[in-house]
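Because the structure is a prediction, the values reported are computed rather than measured.
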Amino acid sequence: MALYTRFLRKPKFGSYEDYLHNFKILVPENFNFAYDVLDVIAQEEPDKPALQWAHMDGRERAFTFSQIARQSAQAANLLTKLGIRRGDKVMLVLRRHYTFWIAIMALHRIGATAVPATHLLTKKDIIYRVQSADIKMIITSAEGGFKEQAEAALSECPTIERLLMVDGKREGWLDFEELYAQESDVFPRPEEPMRKDEMMLLYFTSGTSGMPKMVAHNFDYPLGHIQTAVFWHQCEDGGLHLTVSETGWAKSVWGKLYGQWLAGSAIMVYDFEKFVPRDLLKILEKYRVTTFCAPPTIYRFMIQEDLSQYDLSSIKHCTTAGEPLNPEVFNKWKEMTGHELREIFGQTELCVTIGTFPWMKICPGSMGKPSPQFDIDLVDEDGNSCPAGQVGEIVVRTQYEMPVGMFLGYYRDPERTASVWHDGVYHTLDLAWRDEWGYYWYVGRADDVIKSSGYRIGPFEVESALMEHPAVVETAITGVPDPVRGQIVKATVVLAKGYEPTEELKKELQNHVKKLTAPYKYPRIVEFVQELPKTISGKIRRVELRERDQK
């Protein structure tokens with residue numbers, strides 16, 4: 001009980017320096033989020049709002065903390081009856097359905113490992129994941145085509161023992177909601193304490209090459225998101241937070257679960273199929289959302305709307321993550337809403353690593369300053385710390401202390417783990433530079449940086465320059481092979497309404513970049529497209545654009 005009540009009386013930091021040096025996360029022994037946070041809140045404030053769910057078709061459901069606690073205990077009893085034990089892996093493909101929160105809390109109670117995944121997986125993807133992790137059960141929603149892909153994969157997935165479905169019935173699948181409703185709402189806490197090496201979450205995350213990595217997090221991981229929700233999102237006790245993310249991605253537990261409930265905030269879930277800016281704005285208005293987080297792409301499309309037609313007065317803080325934020329988007333959102341966007345840097349392997357925190361001046365385009373949770377440095381190719389102004393790789397030093405919220409390693413892949421985490425240093429493979437005031441500025445993934453005629457060109461700077469032109473809604477900068485220069489810069493551009501893709505416009509955009517950046521950085525190739533390839537969370541897939549240009 002003490003964890004929740006004590007945390008709400010959080011200390012008041014007077015400055016970033018005070019926060020950096022004095023913020024600490026004290027991890028209780030045998031910590032389990034379901035018992036030590038969910039159940040505690042349910043006991044102290046049973047009617048406190050926990051989850052507000054709204055479907056694009058008009059359906060809605062609201063849950064209190066006591067309802068989530070009871071139903072997750074029922075679900076834990078059902079899963080145990082079906083053979084799920086401590087350490088077993090269960091894949092959750094629930095999109096934005098409210099049963100995700102019930103199911104994942106049930107798995108936490110058991111001590112099993114939740115494996116959230118996107119509904120866009122194909123048969124091949126499912127086989128790879130199930131075989132790599134020995135997944136024992138799949139729980140999915142009826143919407144979409146995932147269930148057919150799972151059935152097609154089943155013959156090559158011998159570890160799968162049960163298939164469960166929500167919001168629909170289908171031969172071969174058990175009805176998850178119907179069955180757990182018949183179970184007891186009491187599920188005793190396991191007597192054996194959780195070990196620090198036990199997995200609570202397992203995420204498959206793709207890099208620029210090779211098969212997806214299996215990122216493993218232990219049961220202390222949720223506490224790493226105190227910082228995410230309280231000192232970045234600035235969630236409030238009794239507030240309502242909306243993060244735009246599908247539950248198959250790690251961003252979902254950053255913004256739709258752990259930290260928000262630790263802060264006492266309810267979670268807003270908008271369950272939609274295709275992003276329509278007007279619909280999301282109506283949700284923000286109708287439910288009086290107080291804190292909001294979305295990828296820059298979402299903001300890019302929202303600022304194309306007439307925001308004066310929506311009452312967004314309930315919103316107190318806005319944040320963004322998932323990809324670098326272009327200053328032009330920052331400026332337009334602030335002009336239209338009065339809110340500044342606070343950016344951060346992090347990875348599936350970590351929590352908030354670098355961020356723009358409440359006591360800091362916001363520098364549009366900067367990720368902010370290092371989190372007190374991690375010992376951050378920028379290093380050159382020889383591992384030496386970089387001075388201000390020099391581009392280097394962001395690394396986390398772990399030789400003295402293991403940070404709360406950092407991953408255990410890549411599951412069943414010690415070689416891959418050792419390739420990025422050795423000698424007490426974790427290599428993020430992300431490049432940035434630090435200014436004289438200590439702010440970090442993103443350059444790009446090591447694989448995204450373009451090497452042209454001996455120059456190193458970060459895509460983000462060129463993208464930001466293009467975004468200042470009124471014809472550009474969004475863009476992605478990539479390198480294209482060139483026999484003379486090695487690589488040349490290419491801009492793939494989505495145009496704003498009223499602009500036509502012409503040769504004259506291409507030249508205008510090229511000259512525009514030359515005026516705002518060093519001339520050698522301008523895009524020698526400009527391609528106009530209707531849309532950019534993205535992940536379901538809205539992140540631009542530059543790797544797909546590069547692959548197209550290799551063909």
Side-chain angles (χ1 to χ4, degrees), residues 274-278 280-281 294-310 318 320 322-337 339-341 343 364-365 441-444 448 450 452 457-480 482 487-535 538-546 548-549:
K274 183 179 180 181
F275 168 61
V276 178
R278 294 185 298 277
L280 179 57
L281 288 164
T297 301
I298 298 292
Y299 286 106
R300 286 191 197 111
F301 283 98
M302 291 173 75
I303 60 179
Q304 302 298 313
E305 303 295 323
D306 180 4
L307 298 187
S308 67
Q309 300 301 306
Y310 305 90
C318 297
T320 188
E323 59 182 286
L325 172 67
N326 303 103
E328 182 65 14
V329 176
F330 175 97
N331 294 329
K332 285 189 176 181
W333 181 259
K334 181 180 179 181
E335 176 187 336
M336 299 173 82
T337 68
H339 291 295
E340 295 181 311
L341 294 173
E343 191 176 0
W441 300 79
Y442 191 73
V443 172
D448 286 340
I450 302 161
S452 181
I457 303 170
F460 177 55
E461 183 182 1
V462 186
E463 289 171 357
S464 295
L466 278 169
M467 286 296 297
E468 292 190 30
H469 194 285
V472 180
V473 170
E474 59 180 347
T475 182
I477 297 298
T478 52
V480 175
D482 182 80
Q487 286 182 308
I488 54 175
V489 178
K490 175 184 176 181
T492 307
V493 176
V494 176
L495 292 176
K497 296 176 183 177
Y499 288 88
E500 296 295 328
T502 63
E503 289 300 317
E504 291 74 15
L505 182 56
K506 285 184 181 180
K507 292 178 181 178
E508 183 178 332
L509 294 177
Q510 289 170 328
N511 290 330
H512 174 77
V513 174
K514 288 179 183 178
K515 292 177 183 178
L516 296 180
T517 69
Y520 66 85
K521 298 180 181 180
Y522 86 94
R524 295 176 182 271
I525 300 175
V526 178
E527 179 184 1
F528 298 114
V529 296
Q530 292 297 314
E531 60 181 2
L532 294 172
K534 299 186 185 75
T535 67
K539 186 175 181 179
I540 296 170
R541 298 194 71 247
R542 291 172 182 80
V543 63
E544 186 172 325
L545 294 172
R546 289 197 298 268
R548 290 178 187 176
D549 290 327

Q | Contacts of type side chain to side chain donor-acceptor pair (under 3.5 Å), residue S308, not counting sequence neighbours | A | D306
Q. Which salt bridge (Lys or Arg N to Asp or Glu O under 4.0 Å) pairs, counting each pair once, include a residue from residues 517-526, with sequence neighbours left out?
A. E461-K521
Return all side-chain donor-acceptor pairs below 3.5 angstrom for residues 327-335, not counting sequence neighbours, or 'none' if the list is empty.
from, atom 1, to, atom 2, distance (Å)
N331, ND2, P327, O, 3.2
W333, NE1, T337, OG1, 3.3
K334, NZ, E340, OE2, 3.2

(Q) Nearest 0.5 angstrom please: E305 CD to Y310 OH, how far? (A) 5.5 Å
**Q.** Partners passing ring-ring contact (aromatic ring centres under 6.0 Å, His included) against Y520 (at least two apart in sequence or in another chain)
**A.** Y455
Q | From L307 atom CG to M302 atom CE, the distance as rounded to the nearest 0.5 Å | A | 6.5 Å
Q.
Restricting to side chain to side chain donor-acceptor pair (under 3.5 Å), what partner residues turn up for E463, sequence neighbours left out?
A. R542
**Q.** Distance in Å, L509 CG paired with F528 CZ, rounded so as to fall on 0.5 Å steps
**A.** 5.5 Å
Q: Report the C-alpha distance between I450 and I477 in whole Å, list the side-chain angles of each, state the deciding distance to 0.1 Å, and finish with yes or no for side chain to side chain contact (heavy atoms under 4.5 Å, CB included).
A: CA-CA 9 Å; I450 302 161; I477 297 298; 3.8 Å; yes
Q) Looking at Q487 and S452, what are the two nearest heavy atoms and their distance? A) O-OG, 2.7 Å
(Q) List the residues meeting salt bridge (Lys or Arg N to Asp or Glu O under 4.0 Å) with E531, not counting sequence neighbours, and say none if there are none. (A) none
(Q) Restricting to non-hydrogen atoms, name the atom on A496 and the atom on V473 that form the minimum distance, rounded to 0.1 Å. (A) CA-CG2, 3.2 Å
Q: Identify, with sequence neighbours excluded, every residue that meets side chain to side chain contact (heavy atoms under 4.5 Å, CB included) alongside P296.
A: R300, T320, E323, L325
Q: Would you please name every residue forming a side chain to side chain contact (heavy atoms under 4.5 Å, CB included) with D482, sequence neighbours left out?
A: V484, R485, I488
Q) Who are the side chain to side chain contact (heavy atoms under 4.5 Å, CB included) partners of K507, not counting sequence neighbours? A) Q510
Q. Where do L505 and T502 come nearest, in terms of heavy atoms and distance?
A. N-OG1, 3.0 Å
Q: Would you please test T517 and Y522 for side chain to side chain contact (heavy atoms under 4.5 Å, CB included) and show each step?
A: CA-CA 8 Å; T517 69; Y522 86 94; 5.7 Å; no
Q) When rounded to the nearest 0.5 angstrom, what distance separates CG in L516 from CG in N511? A) 11.0 Å
Just list the side-chain donor-acceptor pairs under 3.5 Å for residues 464-472, sequence neighbours left out, or say none.
from, atom 1, to, atom 2, distance (Å)
S464, OG, N326, ND2, 3.1
S464, OG, F460, O, 3.0
H469, ND1, A471, N, 3.0
H469, NE2, E508, OE2, 2.7

**Q.** Distance, nearest 0.5 Å, that separates OH of Y299 from CE of M336
**A.** 13.5 Å
Q.
So, using side chain to side chain contact (heavy atoms under 4.5 Å, CB included) as the criterion, who are the partners of V529 when residues are at least two apart?
A. T492, V494, E527, L532
(Q) Just verifying a value: how many Å separate F275 CZ and L280 CG, rounded to the nearest 0.5 Å? (A) 5.5 Å
Q. Taking C-beta and beyond as the side chain, do I525 and D549 meet within less than 4.5 Å on heavy atoms?
A. no
